[in-house]
Amino acid sequence: MEYAPREIESKWKAWWKAQRTYQVHNHSPKPKFYILNMFPYPSGAGLHVGHPLGYIASDIVARYKRLKGFNVLNPMGYDSFGLPAEQYAIQTGIHPAVSTEQNIERYREQLDNIGFCFDWNREVRTSDPAFYKWTQWIFMRLFEHYYDLDADKALPVQDLAARFEKNGNYGVRAVCDEDTPKISAADWNSMPEKEQQLFLLKYRLTFPEESYVNWCPAMGTVLSNDEVKDGVSERGGYPVERKLMKQWSMRITAYCDRLLDGLNEVDWSESIKEQQRNWIGRSQGASVRFAVDGHEGVHIEVFTTRVDTIYGATFMVLAPEHDLVPHLTTPAQQPEVDTYIKWTASRSDLERMSEVKRVTGANTGAFAVNPCNGQKIPIYIADYVLAGYGTGAVMAVPGGDQRDWNFATHFGLPIVPVLDAQQNLDEAADPTKAGCYINSGMINGMTYEAAVPTLIRWLEENGLGKGKVQYKLRNAVFSRQRYWGEPVPVYWKDEVPHLLDEKDLPLVLPAIDKYLPTESGEPPLARAEGWRYTSEQDNAVHEYELSTMPGWAGSSWYWYRYMDPHNDGEFCSADAVKYWKCVDWYIGGAEHAVGHLLYSRFWNHFLYDLGLVPEREFAKKLTNQGMIQGRSSLVFRAKEHFYEEYLWIKVLQPYFPEYGPMRIPANKAEESFTYDFAFETNDLVVEVVSWKQSDKIEAIRKTAEADGKRLLVLFIEELAECINEHERTAAKISRALNSRDRFFMTEQGPQYEQLFVSYNLTAKYSPECFSKLHVDVSMVGDDVLDLSRARQLSMFQNANFKVDPDGKFTCSYEVEKMSKSKYNVVNPDDMVAQYGADCFRMYEMFLGPVEMSKPWDTNGITGVYGFLRRFWGLFIGEDGAWLPTDEAPSATNCAPCTTASKK
RNA sequence: GCCCGGGUGGUGGAAUGGUAGACACGCAGGACUUAAAAUCCUGUGACCGUUGAGGUCGUACGGGUUCGAGUCCCGUCCCGGGCACCA
């Protein structure tokens, strides 16, 4: 009996369903194993063969582990809030929930087709109120907590308030806003209730804050740092500008150290861990206060990672935006400084990035005093110092830092060596830490290891500075001015945010008439009529927060929901989480390296602090599956240049040797040459042009008349039509040569407008003869285009094809991202229909290591299909009988095996 | 510029420091067929040689360690990804 995958697979799928084979229970004597795929955003395009790669890999592991006696959790769900559904809603008016639901159905069908062992009973959707109720619940817990540095964990804000009441914030070591003042108990107790609440916001782990954000006007929303790449939005590539707005923010910076340390206990790829380390950007150094000469009580604070080089600081540089710049600038330098500030303000981020090497700056005329040796050093401003990083000021050590060196060289400032191991300081800075210090006062003769603690101790004792750790990571903006996201469970009363009563969760998205901002620029939720909160606290009606949560909110904790997906009383029961604990093996794309994976770790650490989850790190092992790239097929469309080359190679040279040498344009840009072709021994000139370009035809006709030349106009459309009939074209030229008429042009309108040339024939022509166009790969087999089907497409209407001698039209190919726009998408449904799910899955695994990116090639699947058929044939006879027996192998049927193994 | 990965036939890719190129695609030849498709068999790194012969060279390039290197070390080049006036 032939291998018939469709029958086999439908039989077993029905069996699994009837038997509930893959239903997973939370109570089992077996050891647990939790394998998880990053859940997909259900896009309208459906799945292509690249998407299921990770699912197939994890499905195999899940089945293997199950056979090995584990209770395996292998769930699937949808990250179903997102911008595309909202954009679609703006265009069509269809509620995002409706289109999302449809997309999910499609995804489900496609996933079912592949035969996964997901327990669909545990499916989650982030846009389901029953799910986002708990996203809101976690948000509320974040609001209610602050990060205590002594306990090194999150603690209730209530306790903090109690401490303020007794001692103010003097004894409190907690993560808070930079500008938080020191207050006494008396200060606190004398504050009105509102002031107290506003003060507490400086500590809460999520809080509204007026700050500069990445505002994307085209999308009408703010974006977080990881959603911005090179000054434009990662999705869509729209420009992003800095704008001051009141936004909810997540105090992820409180967890910097723990996020960094946690990386050491997880089995993730080094590159992902490194990316997270870079993103967190911890630098250990010291902050040092420099007095300003002649300004009593004014000092400039700098952060440096090389406090050991402080004696080599020969000048100081402030960011142009630095607060002190107006106060310090001397009258003489005022014009220069003003001009410079004006100039820097006019430059965009992109300009600044592209001109990194240019040294610019201005002297303020003021002097700072080096606290270690009392030396006066000039203060400059320059835009290589970033206002947003550190204190916006640096002590410049040109001997050790290349940017400082460039600046010093440009402005003729002194460069002083501080280590005897530094070399060639007249050519470049030398950042070495080797050798012993020279020119360095109290640390002369010391090594780096000894010098740093010595200096820091001295600075601390004299109140001039202290050891400090600084991070690049900023707090995460948590508000989006969009509709299709979780509403923030907050109402506003007297400009103070308050949490909803827990029993009012979930706060469900209200209906609105249009999915756009209001005329006054408020977020879409402002359109919801009568959407107000009645608080039981004061029996008054209040405005809700109008922004929604970002895409990463729901995905920052969803793996817990799978453990207990139907629980209405908790995000996940203590029992369930005690059993499943955490994800043993997480699989997903490397593009989530710093977004999802960092925010998730942050939330998990927080939930851990609250004792709600048992593990600090939620994913013990992480595998990043590689992309499956598309193999795009490209067809070559002839451009005008092609017809000229064609005419020369195929017609003029072979048919008119007696008229040579003819002139052809060596270079199209050569203005002196007027005509495409001109016969030397005849007054005929030939022009190749599209019949649509009547202006050009008229112009060339006038030129020819003035030159006394006779003109033959060949339409590229007529050449396209008779591209394989060189004689016909030759005859046309012949007639013109032998005639006395002054002007020749075909009267009849052309049938064809385009010519496509088989790839095999393009090598003879120069590359600029063609434009390459993507053609749908489903019409191409073995790089040969199915012409009868292709002619149906609009791109091939009125097109002629120049085919190979054997009548085939070949395409070239390129490996690139699989996407609709490149027409290279391969649908897993088609593969399953033709070869069966087993074959499809096996081929995906056969392509190469899961972590690697590799191109999809449908041709190759036949090899796996053949293997499966032969394998099936070994066990099932033609009549459907089971072939293997328990008999001992005889010599005859053993012989082939022996031969084979000898080979 | 810095930090991670990589570089092996026409292609995807195999090879605990021990016969490089498994397996598959593609290609070539053959069988079956009126023919094609499908299927099956054989061959397939390059070069030289050939009768049923063997040999030389080959894992980006240049060195090194080793009895032995695709694999380990040093340097160079190239490709992919990430970060980037981050003090």
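The sequence lines fix the lettering, A, B, ..., with proteins before strands; numbering per chain opens at 1. All values below were derived from every heavy atom in this structure, side-chain atoms included, with hydrogens, water molecules and symmetry-related copies excluded. Just so we're clear, the structure is a prediction, and the values are computed from it rather than from any experiment.
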Do [X] side-chain atoms and [Y] backbone N/O form a donor-acceptor pair below 3.5 Å?
X	Y	value
A/Thr364	A/Ile379	yes
A/Gln422	A/Leu419	yes
A/Tyr340	A/Pro320	no

How long is the line joining [atom1] of [X] and [atom2] of [N], in whole Å?
X	N	atom1	atom2	answer
A/Asp404	B/rC86	CG	C1'	13 Å
A/Met845	B/rG12	CE	P	18 Å
A/Lys273	B/rC83	NZ	C1'	19 Å
A/Phe867	B/rA22	CZ	P	17 Å

Among the candidates [options], find the nucleotide nearest to the side-chain atoms of [X].
X	options	value
A/Thr862	B/rC3, B/rC25, B/rC83	B/rC25
A/Pro849	B/rA87, B/rG13, B/rA24	B/rG13
A/Asp857	B/rG13, B/rC25, B/rA87	B/rC25
A/Phe846	B/rG12, B/rC25, B/rA87	B/rG12
A/Arg869	B/rU39, B/rA87, B/rC4	B/rU39

Would you call A/Arg277 and A/Glu270 a salt bridge, taking side-chain N to carboxylate O under 4.0 Å as the test?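 Salt bridge between A/Arg277 and A/Glu270, a charged N being under 4.0 Å from a carboxylate O: yes.
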N-O pairing of A/Arg251 and A/Asp177 below 4.0 Å: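 Between A/Asp177 and A/Arg251 there is a salt bridge, with a charged N closer than 4.0 Å to a carboxylate O.
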Name the residue closer to the 5' end of RNA chain B, choosing between A/Thr304 and A/Leu847 according to the nucleotide with the nearest heavy atom. A/Leu847
On RNA chain B, check which nucleotide each of A/Pro855 and A/Tyr865 is closest to and give me the residue with the more 5' one.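 Whichever sits nearer the 5' end wins; that is A/Pro855.
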Name the nucleic acid region contacted by [X], choosing base, sugar-phosphate or nothing; use a 4.0 angstrom heavy-atom cut-off, strictly under.
X	result
A/Ser269	nothing
A/Arg631	nothing
A/Lys854	sugar-phosphate
A/Met852	sugar-phosphate

N or O in side chain of A/Arg277 less than 4.0 angstrom from B/rC4 OP1/OP2: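 The answer is no; no side-chain N or O of A/Arg277 sits under 4.0 Å from OP1 or OP2.
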[atom1]-based separation of [M] from [N] [nearest Å]:
N	M	atom1	result
B/rG82	B/rA14	P	23 Å
B/rU56	B/rA20	P	12 Å
B/rU59	B/rU19	C1'	15 Å
B/rU51	B/rC73	C1'	49 Å
B/rU8	B/rC79	C1'	15 Å
B/rC23	B/rC41	P	13 Å
B/rU33	B/rA37	C1'	10 Å
B/rA22	B/rC78	C1'	28 Å

Complement of [N], any strand, by Watson-Crick or G-U distances under 3.5 angstrom:
N	result
B/rU50	none
B/rG80	B/rC4
B/rC61	B/rG75
B/rC85	none
B/rA24	B/rU11
B/rU16	none
B/rU34	none

Mind telling me if B/rG55 is syn or anti? Syn here is a glycosidic angle within 90° of 0. anti
Short side-chain donor-acceptor distance under 3.5 Å, A/Tyr437 and A/Asp308: yes
Side-chain H-bond candidate by donor/acceptor type, A/Ser249 with A/Asn475, under 3.5 Å: no
